[in-house]
Structures are given as structure tokens and as C-alpha cells.
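Worksheet for the structure shown next.
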Amino acid sequence: MERRIDKEVFDKFFTENYCAVDYENVKVEFEKIAEAGNEIFTSGYTAKNLKRDNFILYMASDSYCDFESVVQEAMDDLNPEILDAVMDVTESQDDGDEITEMYWDTQRELLHEFLLRLYDEVICGWS
């Protein structure tokens with residue numbers, strides 16, 4: 001019989017083992033994606049018409065997914081043991097995504113934080 005992992009056990013494991021990801025880990029790749037300029041936004045929108053608090057809403061889904069992949073890769077590269085645990089739990093337990101919620105929430109929070117930083121450093125300067 002396989003051992004079930006519960007949310008409390010996973011959260012503790014994540015907290016004790018997580019290596020922080022910072023913007024420097026993704027900066028080069030983020031800026032490469034942003035080189036597409038206004039093409040990272042849905043048609044009809046340009047960076048000069050957007051603000052820091054809404055530009056993510058108008059990002060083309062492909063571009064958003066590209067940024068998301070960069071964050072996921074950086075997070076997983078720095079935290080291979082956590083990635084292994086996430087994969088094991090999500091593949092072996094029906095409630096795996098709920099148990100590993102801390103991993104997914106951290107990834108979403110990093111993506112949002114890093115996109116805001118990209119806006120501040122790159123996008124807001126587009127005219």
C-alpha cells in the first residue's frame with residue numbers, strides 16, 4: 001500500500017526545502033520574450049496604452065505562457081527535490097493539486113511579481 005502525503009506534510013517539506021527564486025534568475029529570458037515588443041499583447045493594445053495595474057490582463061496568452069514557463073523552469077531548476085515531490089503526489093493522489101497548492105501558489109506569485117518588475121524595468125519605457 002502506498003503512503004499518502006497530506007497537505008500539512010507537503011507544506012512543511014516545501015517550507016523547509018524551498019530555494020528562493022529571484023528576478024535575476026529569469027531576467028534574461030523575460031527580456032528575450034519582451035523583445036517582441038507590443039506583440040506580447042493582444043491585438044489592439046500597445047504598452048503605451050496600458051498601466052502597471054492592468055497590462056497583464058491584456059497580454060497575449062502565448063506570451064503569458066512563455067513567461068510562466070520561464071518561472072516554472074527557474075523554480076524547478078533550483079528545487080528539483082520539490083519538483084519530484086510535486087510530481088509524485090499529483091500523479092499518485094487524486095487530490096494532489098490541492099496537497100501541493102503551496103508550490104502552485106508560489107509559482108503564480110513569482111510570475112506576477114516578476115511581470116511587474118519587467119513592466120517597471122522594460123515595458124513602461126516603451127513609447
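How far CD of E35 is from CD1 of I40: 11.0 Å, rounded to the nearest 0.5 Å. Remark: Q107 CD to T100 OG1 distance equals 10.5 Å, nearest 0.5 Å. In this structure, CD1 on I82 lies 10.0 Å from CE on M102, to the nearest 0.5 angstrom. For the atom pair S92 OG and M87 CE, the distance stands at 11.0 Å (nearest 0.5 Å). Interatomic distance, CG of L115 versus CZ of F30, reported as 5.0 Å (0.5 Å rounding). Between the CG atom of D11 and the CD atom of E16 there is a distance of 11.0 Å, given to the nearest 0.5 Å.
Using a cutoff of 4.0 Å between basic side-chain nitrogens and carboxylate oxygens, K12 and E8 are not scored as salt-bridged. With salt bridges taken as basic N to acidic carboxylate O contacts below 4.0 Å, one links K7 and E101. Looking at R108 and E68, no side-chain N of the basic residue comes within less than 4.0 Å of a carboxylate O on the acidic one, giving no salt bridge. Salt bridge R117/E121: present, at least one basic N to carboxylate O contact under 4.0 Å. Between K32 and D66 there is no salt bridge, since none of the side-chain N atoms of the basic residue sits less than 4.0 Å from a carboxylate O of the acidic one.
A ring-centre distance under 6.0 Å is found for Y119 and F55. Ring centers of F114 and F67: at least 6.0 Å apart, outside the cut-off.
Of all the heavy atoms in V70 and E29, the pair that sits closest is CG1-CB, 3.7 Å. Nearest approach of I56 to L116, heavy atoms of both residues: CD1-CD2, 4.5 Å. Taking each heavy atom of A47 and N38 in turn, the nearest pair found is N-OD1, 2.8 Å. Of all non-hydrogen atoms in L110 and V21, the two that sit nearest each other are CD2-O, 3.7 Å. Looking at every heavy atom in both residues, M75 comes nearest to N79 through O-ND2, 2.9 Å. In this structure, A34 and V122 approach most closely via the heavy-atom pair CB-CG1, 4.5 Å.
Within 6.0 Å of CD in E31 there are more than 12 heavy atoms belonging to other residues, nucleotides or ligands. In the displayed structure, N54 atom CG is contacted under 6.0 Å by more than 12 heavy atoms of other residues, nucleotides or ligands.
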side-chain contact (heavy atoms from CB on, under 4.5 Å) between D6 and I99, intermediate numbers included: CA-CA 6 Å; D6 65 22; I99 292 169; 5.6 Å; no

Do T46 and Y58 pass the side-chain contact (heavy atoms from CB on, under 4.5 Å) test, and can you show the C-alpha distance, the side-chain angles, and the key distance before you say yes or no? CA-CA 9 Å; T46 61; Y58 299 105; over 6 Å; no

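Between Y64 and L111, the closest side-chain pair of non-hydrogen atoms falls below 4.5 Å. The shortest side-chain heavy-atom distance between D95 and R4 falls under the 4.5 Å cut-off. Between L118 and Y23 the shortest side-chain heavy-atom distance falls below 4.5 Å. Inter-residue side-chain proximity for M59 and T42 is flagged as unmet; no heavy-atom pair is nearer than 4.5 Å. Contact check for V86 versus F10: side-chain heavy atoms found under the 4.5 Å cut-off.
D97 and Y103 share no donor-acceptor pair across their side chains, judged by distance under 3.5 Å alone.
Y18 and F14 have parallel rings, their planes meeting at less than 30° on a 0 to 90° scale where 60° marks the start of perpendicular.
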